[in-house]
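If you're wondering where the values come from, they're calculated on a predicted model, not measured in any experiment.
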Amino acid sequence: MKMQPVKGTRDFYPPQMAVRNFIVDGWKASSIRNGFVEYDGPIFEYLQMYQVKSGDEIVEQLFNFTDRGNRHLAIRPEITPTLARMINKQINALPMPIKWFSVPRLCRAERPQKGRLREFFQWNIDIIGIEDVLADAEVICCSLDYLRNTGLTSKDVVAKISSRRLLAALLKNIGIAEEKLESLYPILDKKTKIPVEAFVEMLEKEIDSPETIQAILKLMDIHSVNDIPDIVKLDEKAQESLDELKRVFAYLEKMGAEDWCRFDMSIVRGLAYYTGMVFEIHDKSGDLRAICGGGRYDNLLSDFGGPKVTATGMGMGDAVLEILLREKGLLTDDSLDIQKLDYFVACVDGDLFDEAVEITTKIRQKGYAANFSYKTNALKKQMKIADSMNAAKCIIVGGELKESGQLVIKDMATGEQILVDATTFLE
RNA sequence: GUGGAUGUAGCUCAGUUGGUUAGAGCACUAGAUUGUGGAUCUAGGGGUCGGGGGUUCGAUUCCCCUCAUCCACCCCA
């Protein structure tokens with residue numbers, strides 16, 4: 001019976017695994033540079049955990065199942081709920097602030113397409129317990145820090161930043177009721193993704209007043225924080241939110257990221273739980289979906305039964321990132337080593353085969369990466385294998401060992417070879 | 001859930017106005033006077049032409065169904 005891989009999944013053969021490691025290692029290095037520590041949780045949780053903050057629609061996008069104890073479970077589609085659960089559980093013991101990162105493997109039952117799979121990896125960083133927007137700026141900077149380290153520049157990507165709090169205050173100012181906001185966010189989120197007519201049409205379903213719709217259109221067209229007071233009257237709350245957003249940008253400037261960042265009213269994020277700063281990083285050509293997204297979610301921990309603790313964070317998936325890095329030539333198939341050896345042991349004399357195995361074992365016991373050929377075929381052949389395995393050095397076990405107890409050690413990069421005493425070398 | 005495109009070797013693809021044993025490059029294996037890698041050359045293995053049905057003397061080619069993949073919608077934590 002021919003078995004097929006499941007839709008939307010990937011097989012990581014060694015070359016693809018090298019790519020995955022390249023990405024994940026970069027994420028981890030950036031996290032550590034920026035002072036985050038790693039955590040992880042289970043790959044499945046109670047289904048209910050994902051229903052708390054999202055509706056039943058989300059459940060259709062989940063891989064869920066029932067275990068033998070009739071527990072309704074789901075494979076994690078994101079790790080933030082797990083994070084909230086874990087932090088709530090130990091909230092009194094954990095030193096604040098918490099700066100944690102994770103690279104969870106996630107699954108969502110969506111239809112696969114470019115940059116979107118059903119199983120993927122997502123880098124998450126979160127800062128919990130810092131109310132100041134300094135934490136928001138730091139999250140953005142850490143994301144950019146990683147991207148900069150891959151070789152991307154501010155010409156390639158841009159962090160688009162806005163504020164849910166500001167948006168809410170402004171919408172209220174133009175006469176939108178508090179309870180309307182939640183249903184409006186997903187529509188506003190589409191502003192730049194669909195034609196204006198379609199956007200207006202969607203708004204008309206929610207809002208009766210044509211003047212209000214016009215006001216929204218004007219609002220969504222704002223491109224600079226400084227233009228806001230000219231377009232909308234600011235009440236105290238809006239002014240506060242605006243000042244806060246300006247402080248985010250001030251911090252970003254101090255962190256040297258101003259070239260990479262800009263205010264963008266159209267960044268809303270579909271998700272309901274964001275309460276403050278929201279951001280997405282996009283490729284500048286705009287052909288790809290968002291590279292990463294995140295923001296402040298001050299109510300999530302309390303929504304999960306904990307105390308009210310402030311939090312901000314972001315997630316970056318591996319699929320879009322890989323496409324972008326390849327497009328920019330920053331990741332090519334032959335730029336990554338699949339294997340690296342300190343030594344390859346080549347045996348050219350059938351009588352010495354057991355010796356060669358012993359020698360390899362001793363080298364391994366000394367802590368080096370070593371491999372040998374399973375056959376004593378032509379040296380030429382074995383050199384080729386050594387080369388394909390990326391061996392730094394090749395040890396030749398042959399006549400010299402028989403005659404004078406010596407080994408030939410060839411440096412594969414320079415081609416130079418030396419004779420060493422086998423016993424001393426292996427001590 | 002909707003629409004479009006594509007399925008030929010491990011990979012990227014050619015091919016056939018319907019006609020004998022279906023090809024190339026890369027990869028793999030083995031060689032090129034048997035102790036020296038990255039190159040070149042030679043040879044070899046590997047395909048029920050995605051699957052099923054139909055038309056036909058004959059189908060990889062034409063028709064229908066099906067499955068899969070990719071792309072765009074929907075959605076996107």
Side-chain angles (χ1 to χ4, degrees), chain A residues 2-11 13 15-16 49-62 74 76-84 104 106-118 120 122 124 185-187 189-190 193-194 198 202 268-274 278 280 287 289-290 292-295 297 300 313-317 319-320 323 333-334 341 344 346-350 352 373 375-403 407-417:
Chain A
K2 224 180 198 173
M3 301 301 268
Q4 273 181 344
V6 176
K7 183 197 282 288
T9 63
R10 289 170 288 179
D11 292 326
Y13 288 84
Q16 286 83 43
M49 223 170 76
Y50 304 109
Q51 293 172 308
V52 170
K53 62 171 196 189
S54 343
D56 289 337
E57 254 180 55
I58 291 299
V59 176
E60 285 173 35
Q61 312 248 35
L62 287 177
R76 61 185 180 191
E78 57 171 329
I79 203 172
T80 314
T82 301
L83 173 71
L106 307 176
C107 293
R108 297 176 186 172
E110 297 171 298
R111 189 164 283 205
Q113 52 187 275
K114 192 178 183 186
R116 191 167 76 181
L117 298 152
R118 288 185 157 193
F120 56 96
Q122 191 185 64
N124 280 253
Y185 290 143
I187 300 173
D189 192 50
K190 290 193 172 53
K193 298 162 190 163
I194 58 176
M202 287 177 88
V268 178
R269 310 282 293 152
L271 205 58
Y273 69 70
Y274 288 110
V278 283
E280 284 175 8
D287 305 334
R289 55 187 75 242
C292 80
Y297 52 99
L300 192 63
M314 77 90 206
M316 182 187 295
V320 174
I323 293 169
D333 285 325
D334 46 40
L341 287 178
F344 183 87
C347 179
V348 286
D349 184 334
L352 296 170
S373 167
K375 287 186 282 185
T376 53
N377 39 21
L379 181 58
K380 187 180 190 121
K381 180 83 202 164
Q382 295 194 59
M383 294 293 289
K384 218 170 181 172
I385 295 168
D387 185 55
S388 73
M389 289 182 178
N390 250 315
K393 289 181 170 135
C394 187
I395 295 179
I396 300 163
V397 181
E400 300 85 351
L401 189 65
K402 265 184 179 166
E403 288 150 24
L407 295 170
V408 176
I409 299 182
K410 173 166 180 163
D411 186 301
M412 296 298 279
T414 63
E416 282 167 26
Q417 29 187 82

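Across the P atoms, C75(B) and U69(B) are found 23 Å apart, a figure rounded to whole Å. Look at the C1' atom in both A43(B) and C57(B): the space between them is 39 Å, to the nearest Å. The separation of A14(B) from G47(B), taken at their C1' atoms, amounts to 15 Å, rounded to a whole angstrom. Rounded to whole Å, the separation between the C1' atoms of U12(B) and C70(B) comes to 15 Å. Taking atom P on both nucleotides, C13(B) is separated from U55(B) by 35 Å, rounded to a whole Å. Between the P atoms of U66(B) and C28(B), the separation comes to 41 Å (whole Å). U29(B) and A72(B) are spaced 38 Å apart, taking the P atom of each and rounding to whole Å.
Looking at heavy-atom distances under 4.0 Å, R116(A) makes contact with a base. Note on K190(A): only backbone sugar-phosphate atoms sit closer than 4.0 angstrom, heavy atoms only; bases stay farther off.
Summarising the geometry, the separation between OH on Y274(A) and C1' on A77(B) is reported as 7 Å, rounded to the nearest angstrom.
Q382(A) places no side-chain N or O within 3.5 Å of a backbone atom of T376(A) that could act as its donor or acceptor partner. Checked by atom type and distance alone, the side chain of R108(A) never pairs as donor or acceptor with a backbone atom of F120(A) at under 3.5 Å. Put simply, the side chain of R118(A) gets close to the backbone of E110(A): a donor and an acceptor are under 3.5 Å apart.
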Task: 5'-to-3' dot-bracket of RNA chain B (Watson-Crick, G-U; under 3.5 angstrom; crossing pairs as [ ]; | other strand) - done: (((((((..((((.....[...)))).(((((.......))))).....(((((..]....))))))))))))....

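Of all nucleotides listed (A68(B), C71(B), C76(B)), C71(B) comes nearest to the side chain of K114(A).
The shortest distance between the side-chain N/O atoms of K375(A) and the OP1/OP2 oxygens of A30(B) is below 4.0 Å. Dashed line: the shortest gap from a side-chain N or O of Q113(A) to OP1 or OP2 of C71(B) is not under 4.0 Å.
RNA chain B is contacted by both C107(A) and V6(A); V6(A) maps to the nucleotide lying nearer its 5′ end (nearest heavy atom per residue). Mapping R289(A) and P5(A) onto RNA chain B via the closest heavy atom, the residue that lands nearer the 5' end is P5(A).
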Task: Test side chain to side chain contact (heavy atoms under 4.5 Å, CB included) applied to R10(A) and Q16(A), step by step - done: CA-CA 9 Å; R10(A) 289 170 288 179; Q16(A) 286 83 43; over 6 Å; no

Filtered N/O pairs between nucleotides 33-43 of chain B and protein, under 3.5 Å:
residue, atom, partner, partner atom, Å
G35(B), O6, G399(A), N, 2.5
G35(B), O6, E400(A), OE1, 3.4
G35(B), N1, E400(A), OE1, 2.8
G35(B), N1, E400(A), OE2, 2.8
G35(B), N2, E400(A), OE2, 2.9
U36(B), O2, K410(A), NZ, 2.8
U36(B), O2, Q417(A), OE1, 3.2
U36(B), N3, Q417(A), OE1, 2.8
U36(B), N3, Q417(A), NE2, 3.2
U36(B), O4, Q417(A), NE2, 2.8
G37(B), N7, K410(A), NZ, 3.4
G37(B), O6, M412(A), O, 3.1
G37(B), N1, M412(A), O, 2.2
G37(B), N2, D387(A), OD1, 3.1
G37(B), N2, M412(A), O, 3.0
G38(B), O4', D387(A), OD2, 3.2

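Annotation: ring-ring contact (aromatic ring centres under 6.0 Å, His included) contacts of Y297(A) (sequence neighbours excluded): Y273(A).
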